There are 2 protein chains.
Amino acid sequence: MVSSGPGIQKQPLHVAISQKLKEQIDLGQYSVGEQLPSEFNLGELFGVSRTTVRRAIANLIKQGIVVTQQGKGIFVSGRQKIRFSLSNPLMHFDQALQQQGYASRVKSLSFQQINASTEIILKLQLSDRTSQVYRQEKIIYADDTPIALEIDCFPAAIASPLAEALQQGFTYSTLSDNNIALKSAKVSLESFPATYELSNHLAAPLGLPILVFSYIVYGDNQQPVVCGKTLSRSDWTQYVSQIETSEAMTKKGLPIASV
Amino acid sequence: MVSSGPGIQKQPLHVAISQKLKEQIDLGQYSVGEQLPSEFNLGELFGVSRTTVRRAIANLIKQGIVVTQQGKGIFVSGRQKIRFSLSNPLMHFDQALQQQGYASRVKSLSFQQINASTEIILKLQLSDRTSQVYRQEKIIYADDTPIALEIDCFPAAIASPLAEALQQGFTYSTLSDNNIALKSAKVSLESFPATYELSNHLAAPLGLPILVFSYIVYGDNQQPVVCGKTLSRSDWTQYVSQIETSEAMTKKGLPIASV
DNA sequence: TAGTGGTCTAGACCACATC
DNA sequence: ATGTGGTCTAGACCACTAG
């Protein structure tokens, strides 16, 4: 049997079991890659039902501590987060992955010309007459593991001549390599739980926190060249930045724009 | 009874029910603040067990679409995210909240002098002899709703004379107001599912995606004045930034430091 | 075929809110 | 006292993996 222990604040059984298992893993009683007892056996070990064991395991999965494989078992997952920079230079995912020792590649899910929504028209500053844009969805891999889904929209003038390259490579690098300047960007970072569809794309559990990096990137003359977002597994990714404050601004504050 | 529908990819029942409920809410069949049928009644409506209804509701809760209150019911939750800027000026939470129409305040959970861990010594660049630091935990409220937990560590020389003010006000504003310059910062953003303890502090469901804003802030002469992190509810908060790329840097890339 | 995780059910008991 | 959500149980059936 398992209890929440003396002096500890009252907490659900499945939380106590999560912590117990986490401790055992941290102490090395189960090492990286090793298989844990089956859900049924864990239930016997802790004296709880399989349902409760499953809730405990779900907690650990969402923390990235273990992974499950249907038909095989539960395994300890050792992993470090991949860091992406928000400072200069603008987010080159492939560079960041390479620097940190991962093989990187993309798989294009779709690439097609569509009618721009009003939101896209606004973001890309399109005139109404040229409201055709290219929309792309692709998966970003690090060492054969899908870590992010990227969704981009390009003005037709940008994407049309680069259709081939954009489907095979990373967005920013492809644009840079084809002499399209990336001067500035408005970006935002937020998080939401993985939907069912996204959890399939990223081989992630439903509800896993997903980091959303949204951006509008501007080229010469403040002209938007791409807008979109990168949805990445929060257990694999982290964004870092260096901030310099200018004296004048710190006093009065600035309006905060949306992206 | 409920089915996943024709032509739709096979998906669990509770996901289908989540979507069904979300559609009904989006269509206005349940408006903001309105109470949904009870779990038991929803089970009858959809022809599924209460357990399955609960999983469906859990999905909606983590998306911030509904909130539950024990003993009362399930309610539709309309809400917009609060935006915080990563650009200049350095993240003044209180300014951002005020600008966006929220009443802001903090509640100090703890404020005490402790021995710095090696990690803190490194981050605050302390000499071994002066390894005493002040550690503070406080909750940040927007309109009486707890939206973030902030954990800070200060060098003793900084925090000692400001003990009172730091416990009552926002960190950055308190430092600024007391003539401590904030020149630059190394920051990172990541996300993880709410632990049980954190879910209590923030009145959030277990596993809700939490945004983690970590920082080391430097004053004059690159001297660290505070390090810590702000753990905020992802359904309430969003970070935005403006990036300017310098031509020289975009070509070669820069090493990516951790924080 | 046997063992594993994935989904779902029916029902119990509890804590909390309301009348 | 009643109705609500929160937790837990015992057991069923399925899909996947492996020998």
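Every value quoted in this text rests on a predicted model; they were computed, and no experiment measured them.
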>> Does S38(A) reach a base, just sugar-phosphate, or nothing at all? Heavy atoms under 4.0 Å.
In response: sugar-phosphate

>> Regarding I74(B), tell me which of base, sugar-phosphate or nothing describes its non-hydrogen contacts under 4.0 Å with the strands shown.
In response: sugar-phosphate

Does [N] have its OP1 or OP2 closer than 4.0 Å to a side-chain nitrogen or oxygen of [X]?
X: R54(A); N: dG6(C); value: yes
X: T52(B); N: dT9(C); value: yes
X: T68(B); N: dG6(D); value: yes
X: K72(A); N: dC16(D); value: no
X: H14(B); N: dC8(C); value: yes

[X] [atom1] to [N] [atom2], straight-line distance once rounded to whole Å:
X: R55(B); N: dC8(C); atom1: CZ; atom2: P; result: 6 Å
X: E44(A); N: dG11(D); atom1: CD; atom2: C1'; result: 15 Å
X: L42(B); N: dG6(D); atom1: CG; atom2: C1'; result: 16 Å
X: F46(A); N: dT9(D); atom1: CZ; atom2: P; result: 13 Å
X: Q35(A); N: dG3(C); atom1: CD; atom2: C1'; result: 10 Å
X: Q69(B); N: dA17(C); atom1: CD; atom2: C1'; result: 10 Å
X: Q11(B); N: dC14(D); atom1: CD; atom2: C1'; result: 17 Å
X: F75(B); N: dG3(D); atom1: CZ; atom2: C1'; result: 12 Å

> Is it true that D144(B) and R105(B) make a salt bridge, defined as a side-chain N closer than 4.0 Å to a carboxylate O?
Replying inline: yes

Options [options], nucleotide nearest the side-chain atoms of [X]:
X: S49(B); options: dT7(D), dT9(D), dA10(C); result: dA10(C)
X: N41(B); options: dT4(D), dA10(D), dC8(C); result: dT4(D)
X: R50(A); options: dT4(C), dA12(D), dT9(C); result: dA12(D)
X: Q70(B); options: dT18(C), dC16(C), dG6(C); result: dC16(C)
X: E39(A); options: dT7(D), dT9(D), dG6(C); result: dG6(C)

> Given that both distances must come in under 3.5 Å, which nucleotide forms a Watson-Crick or G-U wobble pair with dA1(D)?
Replying inline: dT18(C)

> Do the ring planes of F111(B) and F154(B) sit parallel (below 30°), tilted (30 to 60°) or perpendicular (above 60°)?
Replying inline: tilted

>> Other residues, nucleotides and ligands only: do more than 12 of their heavy atoms fall within 6.0 Å of NZ on K81(B)?
In response: yes

> Should the heavy atoms of other residues, nucleotides or ligands under 6.0 Å from CD of Q98(B) be counted, would the total exceed 12?
Replying inline: no

> If you measure only the distance, is there a donor-acceptor pair under 3.5 Å linking the side chains of S191(A) and S234(B)?
Replying inline: no

> Measuring from I140(B):CD1 to Y102(B):OH, what's the distance to the nearest 0.5 Å?
Replying inline: 14.5 Å

> If you pin F40(B) and T51(B) to their nearest nucleotides in DNA chain D, which one's is more 5'?
Replying inline: F40(B)

